[in-house]
2 protein chains.
Amino acid sequence: MYRKNGKTYHCSVEAALDVIGGKWKPLILWKLGDGVMRFSELQKALPGVNAKMLTKQLRELEEDGIILRTVYPEVPPRVEYSITGFGMTLIPVLEALCEWGSKYLGTGCNEDQDDK
Amino acid sequence: MYRKNGKTYHCSVEAALDVIGGKWKPLILWKLGDGVMRFSELQKALPGVNAKMLTKQLRELEEDGIILRTVYPEVPPRVEYSITGFGMTLIPVLEALCEWGSKYLGTGCNEDQDDK
DNA sequence: CTGAATCCATACGGATACTG
DNA sequence: CAGTATCCGTATGGATTCAG
């Protein structure tokens, strides 16, 4: 039994799933693994997501220390998202999930990895 | 874009999370990784779960080919659950998640692994 | 013993309109 | 550009009761 941020987990796997389990989070991390992106770029890169959902998932990842949000005080505003060092430790885990998921789906890994 | 069982996935990671993302699924798989268990044993081993939830998660895992459900036509009824060969391929993935989750929580891996 | 049925609360995901 | 505010439908998780 573990506690973190007021949440209770029965095992550490549950905690990990809580961090990456959001509907768009794996995709966001995959994209950010390739480099810094701004909000509008992410929105274009994730077909089907809307601003509210994207914002929410990004905020949660930020609170968990996985990504970094940098606001540039310009007009028009510019906000850039990048993966943190701690967030990078998630990439191998995502790759393991991707590999297994591909087996499950009976297909190869998808194009979202591109140059990875 | 992938499809399986009428569901649409944006990436294979999403599909994998769909299989193991249930609230009790990681724990169930962890337990079954150590050997066959019957319904009541699982219920005792998973503090806080109720029959409905346990049944639901077990059925989903069964439909995904991860576990096997064996009914013995006795009185009183006996039902045993075991992990399939395909399900075993998930164990390393769960271990990766556990390891990362422990790092995230700032603790060691939990007792649910016991003799693993 | 192993569930199925019912009812319920909340969380999650999303469409749309609006703002500094 | 990068969100926020509002509203809404559905899914998820759970307590309780009943049944073969």
Side-chain angles (χ1 to χ4, degrees), chain A residues 1 5-11 13-15 17-28 31-32 36-64 67-82, chain B residues 1 5-11 13-15 17-28 31-32 36-64 67-82:
Chain A
M1 202 89 141
N5 304 333
K7 291 179 180 179
T8 303
Y9 302 110
H10 302 90
C11 68
V13 175
E14 197 182 349
L17 290 175
D18 210 30
V19 173
I20 60 172
K23 182 159 185 189
W24 304 98
K25 288 179 184 178
L27 247 4
I28 292 171
K31 295 291 177 186
L32 291 185
V36 176
M37 291 182 84
R38 39 196 305 193
F39 188 86
S40 55
E41 288 176 323
L42 279 169
Q43 198 165 13
K44 260 179 290 184
L46 274 47
V49 75
N50 63 32
K52 174 190 159 185
M53 282 312 303
L54 183 54
T55 300
K56 195 188 170 207
Q57 307 265 302
L58 288 169
R59 289 290 192 283
E60 289 174 3
L61 288 171
E62 189 192 359
E63 278 167 27
D64 288 331
I67 66 171
L68 190 67
R69 178 171 179 264
T70 310
V71 182
Y72 295 89
E74 307 170 350
V75 175
R78 180 161 59 103
V79 180
E80 287 186 348
Y81 294 90
S82 57
Chain B
M1 202 88 142
N5 303 334
K7 292 178 180 179
T8 303
Y9 301 111
H10 303 91
C11 67
V13 174
E14 197 181 349
L17 290 175
D18 211 30
V19 173
I20 60 171
K23 183 159 185 186
W24 304 98
K25 289 180 184 177
L27 247 5
I28 292 171
K31 296 289 177 186
L32 291 185
V36 176
M37 292 182 84
R38 41 193 303 193
F39 188 85
S40 55
E41 287 176 322
L42 279 168
Q43 199 165 14
K44 260 178 291 185
L46 274 46
V49 76
N50 62 33
K52 174 191 160 184
M53 282 312 302
L54 183 53
T55 301
K56 195 188 170 208
Q57 307 266 301
L58 288 169
R59 289 288 191 287
E60 289 173 2
L61 288 170
E62 189 191 359
E63 279 168 26
D64 289 331
I67 66 171
L68 190 67
R69 179 172 179 263
T70 311
V71 183
Y72 296 88
E74 308 170 349
V75 175
R78 180 161 58 104
V79 180
E80 287 185 347
Y81 295 90
S82 57

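Just so it is clear, the structure is predicted and the values come from calculations on it, not from any experiment.
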Quick check on dT2(C): is either OP1 or OP2 less than 4.0 Å from any side-chain nitrogen or oxygen of Tyr81(B)? no

Between N or O atoms, less than 3.5 Å apart, protein on one side and nucleotides 4-12 of chain D on the other: list the pairs.
{"from": "dT4(D)", "atom 1": "OP1", "to": "Arg59(A)", "atom 2": "NH2", "distance (Å)": "3.4"}

Quick one, Asp64(B) and Asn5(B) - any side-chain contact, counting heavy atoms below 4.5 Å? yes

Could you tell me whether the side chain of His10(B) reaches within less than 4.5 Å of the side chain of Trp24(A), counting heavy atoms only? yes

Between CH2 of Trp24(A) and P of dG13(C) the distance, given in whole Å, is 10 Å

Gap between atoms CG and P, on Leu54(A) and dA2(D) respectively (whole Å): 10 Å

CD1/Ile67(A) to CG/Leu58(A) distance, rounded to the nearest 0.5 angstrom? 4.5 Å

Is it true that a side-chain atom of Glu41(B) and a backbone atom of Met37(B) form a donor plus acceptor pair closer than 3.5 Å? no

Are side-chain heavy atoms of Leu61(B) and Tyr81(B) found at a separation under 4.5 Å? no

Measuring from Ile28(B):CD1 to Leu46(B):CG, what's the distance to the nearest 0.5 Å? 6.0 Å

Closest contact, heavy atoms only, Leu54(B) versus Leu42(B): CD2-CB, 4.0 Å

Just how far, in rounded Å, is C1' of dG13(C) from CG of Leu58(A)? 15 Å

Atom-pair distance (NZ on Lys7(A); C1' on dC12(C)), nearest Å: 12 Å

In whole Å, I'd like the distance from the CD atom of Glu62(A) to the C1' atom of dA2(D). 14 Å

Using every non-hydrogen atom in the two residues, find where Gln43(A) and Asn50(A) come nearest and quote the distance to one decimal. NE2-C, 4.0 Å

Interatomic distance where CG belongs to Leu17(A) and P belongs to dG13(D) [whole Å]: 12 Å

side-chain N/O Gln57(A) vs dG13(C) OP1/OP2, d < 4.0 Å: yes

Residue among Lys25(A), Arg69(A), Lys23(A) satisfying salt bridge (Lys or Arg N to Asp or Glu O under 4.0 Å) with Glu60(A): Lys25(A)

Contacts to DNA chain C from residues 70-77 of chain B, heavy-atom cutoff under 4.0 Å, which residues? Pro76(B), Pro77(B)

May I have the distance from Asn50(B) (atom CG) to dA4(C) (atom C1'), rounded to whole angstrom? 13 Å

Value in whole Å for how far the C1' atom of dG3(D) lies from CZ of Arg38(A): 13 Å

